[in-house]
Amino acid sequence: MAGKRRKNSKKKIFNSLISTVLIIILAIIAYFTEPWQYFENDKANISSAVEVDPTQLAVYYIDVGQADSILIKLPTGENVLIDAGCENDAENDEIEEYLNFIEAQGVETIDYLFLSHPHFDHIGAADDVIREFEIENIVLPDCDPLLWNNGSRSNVLDAMEEKNYTYDTCEAGTIYNVGGAEFTVLGPVGDLDDVDDTNDYSTVIRMVYGDTSFMFTGDATKEVEEDVIEKWGAEKLKCDVLKVGHHGSSSSSCKEFLEAVEPSLAIISCGKDNSYGHPTKAVLSRLSENTSATVLRTDELGTIVLMSDGKTISRVTVTE
């Protein structure tokens, strides 16, 4: 019996040594191959270049979490950036990743920088963008200039002053022609002196490229949407693609506006598992009931890239 115990003891020691060696080998393999990079991550990897057809217009709805930023590249070489937002708790390396993504698309100069309104999730990285890239034109809504400097978080005016930049105040009806695309400011309209909700400053822009059209709404509220309809009429609002207002908040995307725009695609920029519950069930229901749009969400798909040849719109598959 004693001999059998010794054999069992030796066997246990041997098995233990084998297990230890296997664990060490697996640890070494994991160290060099980093298998965790293939698992889904809460933070999207947006630092790589996206292959697009350079002869077409490309619209990048960048995955910046619970925030907004849209890059538009014209086949003639011009670049337009609508908003440069980041999440409230964004770290410096995340902002750096965002800047690297824009640069990776071949952007050196931004011909037009439109900032829809002075909320951090739409301008949080704007001062970094201004410092990093050459900006030809900056267009802001008509609001208190002090709102663009947000303490230590985002200081748009300070960054502009450092590079001797000035900005234009956009007005409803203004048209910007950029590389064959026409950007028309539809809103806000009316008197902005007594605005209580900063979201009501949101610039609403309709871009037309050939026979295709895109709507960018910032965080425009239902009140802004209704004013835009009254000002321009439903016929002038129709678009193929709608960037859904305010990340899918129920304070935006009213029935009348959705019916007027009549989009085929609706893009929602929001953060994964965000605390606001965006997009809300109410907005998803309104989109379903009042449009035939296919809904694409950055919290589910990451950065969304659309291309237009002036006749049709196609989606580019982005690989992480």
Side-chain angles (χ1 to χ4, degrees), residues 43-87 90 94-116 121-126 128-129 132-133 135 178-181 183 203 205-209 212-218 239-244 247 263 265-272 294-310 312-320:
K43 298 293 184 181
N45 176 15
I46 60 168
S47 60
S48 58
V50 179
E51 291 188 12
V52 300
D53 184 343
T55 67
Q56 297 191 30
L57 174 143
V59 183
Y60 304 72
Y61 299 83
I62 305 174
D63 180 13
V64 284
Q66 186 65 18
D68 258 27
S69 184
I70 301 162
L71 172 67
I72 302 165
K73 288 181 60 61
L74 282 300
T76 45
E78 294 86 354
N79 303 297
V80 175
L81 189 66
I82 299 178
D83 284 334
C86 59
E87 292 190 321
E94 293 172 90
I95 294 177
E96 188 67 25
E97 184 180 31
Y98 163 71
L99 297 174
N100 288 342
F101 175 81
I102 296 175
E103 188 175 6
Q105 311 320 309
V107 175
E108 295 180 356
T109 299
I110 295 172
D111 295 271
Y112 278 88
L113 171 62
F114 293 95
L115 298 180
S116 66
D121 59 335
H122 290 255
I123 66 168
D128 299 281
V129 166
E132 182 73 18
F133 300 95
I135 315 291
V178 188
F183 295 77
T203 305
I205 297 174
R206 183 175 185 261
M207 178 184 73
V208 175
Y209 183 71
T212 62
S213 50
F214 299 74
M215 184 79 77
F216 308 103
T217 59
C239 281
D240 298 300
V241 184
L242 169 67
K243 199 292 294 187
V244 175
H247 321 285
L265 280 174
I267 312 296
I268 301 177
S269 181
C270 61
K272 186 175 181 180
T294 298
V295 177
L296 303 177
R297 299 165 45 173
T298 60
D299 62 328
E300 296 178 340
L301 301 169
T303 296
I304 296 166
V305 184
L306 303 179
M307 289 194 310
S308 169
D309 61 3
T312 60
I313 294 171
S314 58
R315 181 181 165 218
V316 179
T317 300
V318 179
T319 56
E320 302 295 352

Heavy-atom nearest pair, Ala125 first then Cys86, reads N-SG, 4.0 Å
Check whether any side-chain heavy atom of Phe214 sits under 4.5 Å from a side-chain heavy atom of Ile72, and report yes or no. no
Mind listing the closest non-hydrogen atom pair of Ala84 and Ser69 along with its distance? CA-OG, 3.9 Å
Are any of the side-chain heavy atoms of Tyr61 and Ile268 separated by less than 4.5 Å? no
Less than 4.5 Å apart, side chain to side chain, heavy atoms only: is that true for Asp83 and Phe216? no
Has Ser269 got a side-chain atom pairing as donor or acceptor with Ala67's backbone, closer than 3.5 angstrom? yes
Heavy-atom check, side chain of Glu78 versus side chain of Tyr112, under 4.5 Å: no
Between atom CG of Leu242 and atom OG of Ser213, what is the distance when rounded to the nearest 0.5 Å? 10.5 Å
Would you confirm whether Gln66, through its side chain, and Glu87, through its main-chain N or O, come within 3.5 Å as a donor-acceptor pair? no
Hey, are Thr212 and Asp240 close enough side-chain-wise for a donor-acceptor pair under 3.5 Å? no
Is there side-chain contact between Arg315 and Leu296, with at least one heavy-atom pair below 4.5 Å? yes
side-chain hydrogen bond (donor to acceptor under 3.5 Å, both in side chains) with Glu132: which residues, sequence neighbours excluded? none
I'd like to check Val50 versus Gln105 (side-chain heavy atoms, cut-off strictly below 4.5 Å). Are they in contact? yes
Could you check whether any side-chain N or O of Asp121 sits under 3.5 Å from a backbone N or O of Ile123, counting only pairs where one atom can act as donor and the other as acceptor? no
Which distance, rounded to the nearest 0.5 Å, do you find between the CG of Leu71 and the OG1 of Thr303? 10.5 Å
Checking the side chain of Asp299 only, and the main-chain atoms of Cys270 only, is there a donor and an acceptor separated by less than 3.5 Å? no
If you take all heavy atoms of His122 and Leu115, which pair is closest and at what distance? O-CD2, 4.2 Å
Are Val129 and Tyr98 packed together at the side-chain level, in the sense that at least one heavy-atom pair is separated by less than 4.5 angstrom? yes
Does the side chain of Ile70 reach to within under 4.5 Å of the side chain of Lys243, using non-hydrogen atoms? yes
